[in-house]
Protein chains: 2
Amino acid sequence: MLATETVENYLKAIYLVQREAAAGEAPMGKIAAALGVTAGTATSMVKKLVAARLARHERFGGVRLTAKGTRAALDILRRHRLVETFLVDTLGLDWSVVHDEAERLEHAISPMVLDALDRHLGRPAFDPHGDPIPRADGALQESEAMPMSELGAGDGARLVRVLDQRGDSLRFLRASGLKVGATLRVVAIEPGAGVMRIRPDGGTVVSMSTTAASRVLVRPLRGRS
Amino acid sequence: MLATETVENYLKAIYLVQREAAAGEAPMGKIAAALGVTAGTATSMVKKLVAARLARHERFGGVRLTAKGTRAALDILRRHRLVETFLVDTLGLDWSVVHDEAERLEHAISPMVLDALDRHLGRPAFDPHGDPIPRADGALQESEAMPMSELGAGDGARLVRVLDQRGDSLRFLRASGLKVGATLRVVAIEPGAGVMRIRPDGGTVVSMSTTAASRVLVRPLRGRS
DNA sequence: TACTAAAGTTTGATTACTCAAACTCATGGT
DNA sequence: ACCATGAGTTTGAGTAATCAAACTTTAGTA
Ligand SMILES: [Mn+2]
Ligand SMILES: [Mn+2]
Ligand SMILES: [Mn+2]
Ligand SMILES: [Mn+2]
């Protein structure tokens, strides 16, 4: 742990914002919002990251992690996702609560504990939300998937990942039978209302906004209905 | 977590020093030493604990936890010892390394995770070192035991607890076959050299200083050799 | 092109924790 | 009774992280 807990949180936040952003650069405001701090605070912390060669940044521009910063971010992400997997698989907690728990635990896991955890869990490749777990060497393979919102009426698909970490979203999905690995079918789409109707295999039809559906990633099934 | 991580560390340290001390009061210097800070730092932190009604203290006197402070300390101790138990029983780490790991993890464990951990471990009463684990309601029952240094030559006993958390002490004990639950016999005592010779059941004789032996707690066996 | 709104930065202050060093108190040995 | 020594306290300063509010820049819009 060369970095302080705060620095670790900044690195992870910048990494994730950067992945999302078009230009591959993280806007300062997004970083601040992700961390729940003011823009001024984020600006001064980023200066420290730049001084530590973890990020690059020029005045009024975006923030970009260096190779060193990216490596550190992936290491934190690995700890976060392995902890989430442990909390669900070993301790039996619900997938809607583990994100916040992991947000604190990720900073207290030493390399030794991390490796023991990884072995205990059988070296998993994905966390409970379908997020890929970076390997110890920093390798990260994103799974091939498309937003559920891009499916057409009648299409079948397998749910492979949920990007939204908000507890109520995850509780809604679980209650609907929409968990990672489940297969489902699009019953109908109402573009005017911005709503799609989904039927999970062996469940009842549920309505979701296309916005919410765009944060659920699926892999289409070859079989047509 | 009403308290900060630092405050949690102070509460636990004061609790343990207080248990050790004769007068039931923790001297400021011992607290500082236990936490690795200067006496001045400890003095000012104790002022904060007093302001928060977690401890009582008068100038140049000892420190004593209030009921509220004791309750908080026991809660932290519970987290610490359950985490140690998890690291040994579930992850298979050696008992000589888990103390330091738990020192950090104890602050990141929420009540929900703690309870899930407790259930997963089968609600253990003792940690890997034989230290009693406080119950969720704060109840703590010390086990009946005496220092191994008080045994006489020829006495048999069962090892029930190791007070010393130092890594090399624990590694020595494990390498000698002296683990919690093991039975042993005192082969000889050399008061002049301050050394006792111990034979663990099914092991070979080892020599230990009486000082080291006084930190190993045992329960005598009724059978004589 | 000129102006304004949004985004980002700077400044000055605050809280939490820490140390070094100067200082004060308690006490036990002569 | 004295007072040296060790234990404890206070003071002044520094680091890390944060906010509010004043300020600057950028990038549209008009
Ligand atoms: Mn975090
Ligand atoms: Mn996740
Ligand atoms: Mn601790
Ligand atoms: Mn222990």
Side-chain angles (χ1 to χ4, degrees), chain A residues 1-14 17-18 20-65 69 72 76 103-104 106-108, chain B residues 1-14 17-18 20-65 69 72 76 103-104 106-108:
Chain A
M1 240 84 53
L2 297 103
T4 177
E5 177 163 336
T6 302
V7 166
E8 291 191 337
N9 283 335
Y10 274 83
L11 289 173
K12 183 152 65 73
I14 293 168
V17 169
Q18 200 176 314
E20 210 66 8
E25 281 201 338
M28 195 62 78
K30 289 276 175 64
I31 297 170
L35 290 162
V37 298
T38 64
T41 299
T43 298
S44 69
M45 277 303 304
V46 164
K47 278 186 188 170
K48 292 184 55 167
L49 300 183
V50 169
R53 309 285 171 211
L54 292 164
R56 246 174 264 300
H57 173 238
E58 68 237 22
R59 255 170 73 100
F60 296 101
V63 181
R64 192 191 297 268
L65 294 180
I76 299 153
E103 202 55 58
R104 275 172 295 107
E106 64 189 356
H107 308 290
Chain B
M1 239 85 53
L2 295 105
T4 176
E5 177 164 334
T6 303
V7 166
E8 292 192 335
N9 283 333
Y10 274 82
L11 290 173
K12 184 153 64 73
I14 293 168
V17 170
Q18 201 176 314
E20 211 66 8
E25 281 202 336
M28 196 61 78
K30 289 275 177 64
I31 298 169
L35 291 161
V37 298
T38 64
T41 299
T43 298
S44 69
M45 276 303 303
V46 164
K47 279 187 187 170
K48 293 185 55 166
L49 300 183
V50 170
R53 308 286 170 211
L54 291 164
R56 244 173 267 299
H57 174 237
E58 69 237 20
R59 253 170 75 100
F60 296 99
V63 181
R64 193 190 297 269
L65 293 181
I76 299 152
E103 203 56 57
R104 274 171 295 108
E106 64 189 356
H107 309 291

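FYI, side chains are in, hydrogens and waters are out, and symmetry mates aren't considered; it's all heavy atoms of this structure.
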### Task
Decide, yes or no, whether a salt bridge links B:Glu5 with A:Arg104 under the criterion of side-chain N to carboxylate O below 4.0 Å.
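No, no charged N to carboxylate O under 4.0 Å.
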In whole angstrom, give the distance that lies between atom [atom1] of [X] and atom [atom2] of [N].
| X | N | atom1 | atom2 | result |
| --- | --- | --- | --- | --- |
| B:Leu11 | C:dC17 | CG | P | 11 Å |
| A:Glu58 | C:dA7 | CD | P | 19 Å |
| A:Glu25 | D:dT26 | CD | C1' | 14 Å |
| B:Phe60 | C:dC25 | CZ | C1' | 4 Å |
| A:Met28 | D:dT18 | CE | P | 14 Å |
| B:Asn9 | C:dC17 | CG | P | 10 Å |
| A:Ile31 | C:dT9 | CD1 | P | 9 Å |

Any [X] side-chain N or O less than 4.0 Å from OP1/OP2 of [N]:
| X | N | answer |
| --- | --- | --- |
| A:Lys48 | D:dA17 | yes |
| B:Arg59 | C:dA26 | no |
| B:Lys47 | D:dT10 | yes |
| A:His57 | C:dT9 | yes |

### Under 3.5 Å: donor-acceptor pair, side chain of B:Gln18, backbone of B:Leu65
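Checked: pair present.
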### Message
Nearest to the side chain of B:Met45, heavy atoms from C-beta on, is which of C:dT18, C:dT9, D:dT9?
### Response
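Nearest nucleotide to the side chain: C:dT18.
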### Message
So if I take every side-chain heavy atom of A:Tyr10 and compare against D:dT18, D:dA17, D:dT9, which nucleotide ends up nearest?
### Response
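Selected nucleotide (nearest to the side chain): D:dT18.
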#### Entry: Smallest separation among heavy atoms of A:Asn9 and A:Leu35, with atom names
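So the two residues come closest at O-CD2, 3.6 Å.
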### Query
So with a 6.0 Å cut-off around NZ of B:Lys30, is the heavy-atom count from everything else above 12?
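Result for NZ/B:Lys30: open.
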### Query
What pairs of residues pass the side chain to side chain donor-acceptor pair (under 3.5 Å) test when at least one of them lies in residues 35-57 of chain B, not counting sequence neighbours?
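The answer is B:Thr38-B:Thr41.
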### Task
Scan residues 35-44 of chain B against DNA chain C and write down, sorted by residue number, each residue with any heavy atom closer than 4.0 Å; if none is found, say none.
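B:Gly36, B:Val37, B:Thr38, B:Thr41, B:Ser44 - these, ordered by number, are the residues of the stretch whose heavy atoms sit under 4.0 Å from the strand.
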### Query
Are any of the side-chain heavy atoms of B:His107 and B:Thr4 separated by less than 4.5 Å?
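When only atoms from C-beta onward are counted, B:Thr4 and B:His107 do not touch, as no gap falls below 4.5 Å.
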### Task
Not counting sequence neighbours, which residues clear salt bridge (Lys or Arg N to Asp or Glu O under 4.0 Å) with A:Glu20? List them please.
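By the salt bridge (Lys or Arg N to Asp or Glu O under 4.0 Å) rule, A:Glu20 matches no residue at all.
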